[in-house]
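Notes follow once the structure below has been shown.
Lettering follows sequence order; numbering is per chain, from 1.
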Number of protein chains: 2
Amino acid sequence: MNVTIKDVAKHANVSVATVSRVINGLGSVDEGLRNRVEKAIQELGFMPNHVARSLKMSATNTIGVAVSDISNPFFTTIAKEIENVIRKKSYSMLMVSTDSDIQKEKENISLFESKRVDGIIVSPDSDEIAEFLRSIKTPTVAIDRKTLKNICDSVYVDKEKSMYDIACYLFNKGHRNIGMVTGPKDLSTNYDRFNGFIKAHYDNGIPLDNENILFGKFDTKFGKDAFAQLFSKENHPTAIVAGSALIATGFLIQAKNMNVKIPEEVSVVSFGSVGLEELIDLKITYITELRSEIGQIAGDMILERIKHPDKPIDLRILQGTIIEGNSVKSFQI
Amino acid sequence: MNVTIKDVAKHANVSVATVSRVINGLGSVDEGLRNRVEKAIQELGFMPNHVARSLKMSATNTIGVAVSDISNPFFTTIAKEIENVIRKKSYSMLMVSTDSDIQKEKENISLFESKRVDGIIVSPDSDEIAEFLRSIKTPTVAIDRKTLKNICDSVYVDKEKSMYDIACYLFNKGHRNIGMVTGPKDLSTNYDRFNGFIKAHYDNGIPLDNENILFGKFDTKFGKDAFAQLFSKENHPTAIVAGSALIATGFLIQAKNMNVKIPEEVSVVSFGSVGLEELIDLKITYITELRSEIGQIAGDMILERIKHPDKPIDLRILQGTIIEGNSVKSFQI
DNA sequence: TTGAAAGCGCTAACAT
DNA sequence: ATGTTAGCGCTTTCAA
């Protein structure tokens, strides 16, 4: 049914070995033969079968990418960069959503292994996956997950440091009562934020009110609810840190609903750019997420790991930068 | 190096055929043997090699998805639905960005063919690709591209009808001078909008000012520029239709900059939800894009096509619905 | 420089 | 019910 290398060989009156050499540009082959073969390929419309090649070569030139939600902009930006990097080396990207379901996550990784992808890039939503990940032999890179740093190559922004920096930034502006609102408590990335928050308080000798720390979901609704809750407190924070741009957007909506002025009545800082400044006369101060960088590095790392399967675990910890807007009030000290 | 079916067979003291039967649950195999095989699989940590299976079966259980930008929310929402549909039938998704580059587009499709994907889903950015698409034998589904409807299975929202409906809606509200701002002129989806726009004018006997029609890019910046241009006209439109939510966002920003009140001074309607109403006290009237539906249908269609390669071309034309906000002023007639 | 042939891991037709 | 074996399309060693 499909044209094979054998058909080409017959048509060009050469051996399959010669055809293979021509296709791959390996070995030396006589000018005349080469032309005949190329003509035959043209005439028959031959396309090399990568499946057969993969079987023979034990390499599929495919990278599997498993993230919780392939429609989440954080991951799609990263995926785009990954694809951009690996395509240059003739790799393709197999993408799956794990829907934050640990079972699905394992199934997907197993599927990747069965499909014999050459490398896997993951951002697991639970640390349970760690031992499973340790058991697989396919090269793996973890993105945005500090907890896997001893298990496989990892690249992530140091969220503890990010939060630490933000808190210190606020302290420097004279704030002494600040809140933090972020995603699920059991995601390490939120635990990191939590640690940075605590450490900053400790290092600056500022007492910490536990009620100022709210874990929930990375979405607008939780941002709204959390803002209302924090702002309704007797002694409400003078500044609140949002664990994501969506949460920060929730803040803005709720602040508007409650007629609370930012930054006059409460300051806001976000993880990642909110990007609505042109629409709302307010530039939210934020710390960079480095999505593109993460994607690029993850792509580089997986290729590197495939090339050198036995080199020691590689680790790339990125540091975010605070981009100042006008959402933080400065107190006279 | 890797455990194969042969190793399992040896370890369990059976033939490879028996192992294969156990793995695939086909044919009948004695209870005792089955157990031995399963134990061997466990002990050796055997994972079936899908590459070999694919070669043998001439089926990879993989769908290739090629869109212009895998970080564009329109496509990622669709991709998510596609993956959701096909995973249930044990298919995986290979994703590539074509960056609106026709050359890359062809390369990607060729790559898909070489990788022997069982089906391809595309949303080409140029009609040039049509003849190329016609030449391939792999089952193909086109999304959001009316022009391919005679070449392969297609699913799209009828943008001509959408625009027609919007224009009529505005006429009914008493508008007689309306503008449209959309993406690239050479994208059929914009040509469709154009046609609907013209037809609505014609059918309603309303004269059309060509200067009211602006083609450009599907982004915020173009939205801003176009709004400024249209609104600066001597006799500016009383309503402007945005070809995408990003363009509409540009309108909002520029309206704010120019201190133009919506809908008092100019009405706005958008293709797709802008989704900022909570933040700006304005619900932009829009027509639905049906992203999820497109993705789901595309997934169904490609599976169906794979099952029945020779059935006649299938076509699913969806109709958007106008969701009324408060961005359109009603004139007394 | 070129070709013959083995073998990658699997499925399934055929034989037992 | 189970095993033997050919063959999917390719790469590559080895021999010529």
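Atom CD1 of I5(A) and atom P of dT12(D) are 11 Å apart (whole Å). Atom-to-atom, CG of N24(A) to C1' of dT11(D) comes out at 8 Å; the value is rounded to the nearest Å. What separates CZ of R116(A) from C1' of dC10(C) is a distance of 11 Å, to the nearest Å. With rounding to whole Å, E31(B) atom CD is found 12 Å from dA1(D) atom P. Here the P atom of nucleotide dC10(C) and the CZ atom of F46(B) are 4 Å apart, to the nearest Å.
Residue-to-nucleotide proximity on DNA chain D shows that, of L55(A) and A17(B), the 5′-proximal contact is made by A17(B). Between S58(B) and L33(B), the residue whose closest nucleotide on DNA chain D is further toward the 5' end is L33(B).
At a threshold of 4.0 angstrom between heavy atoms, the contacts of V51(B) with the nucleic acid are absent. Within 4.0 Å of S20(A), counting heavy atoms only, lies at least one base atom of the nucleic acid.
In summary, the side chains of R53(B) and N24(B) do present a donor paired with an acceptor at a separation below 3.5 Å, with no hydrogens or angles considered. Under 3.5 Å, the side chains of S123(A) and D144(A) contain no donor-acceptor pair of N or O atoms.
T18(B) has a side-chain polar atom (N or O) that falls below the 4.0 Å cut-off from OP1 or OP2 of dG3(D). Listed pair T4(A) / dG9(D) fails the phosphate criterion, with no side-chain N or O lying under 4.0 Å from OP1 or OP2.
Taking a cutoff of 4.0 Å between a charged side-chain nitrogen and a carboxylate oxygen, E113(A) and K137(A) qualify as a salt bridge. Salt bridge status for D314(A) with R305(A): absent, with no side-chain N to carboxylate O gap under 4.0 Å.
Put simply, the side chain of R21(B) and the base of dG3(D) share a donor and an acceptor less than 3.5 Å apart.
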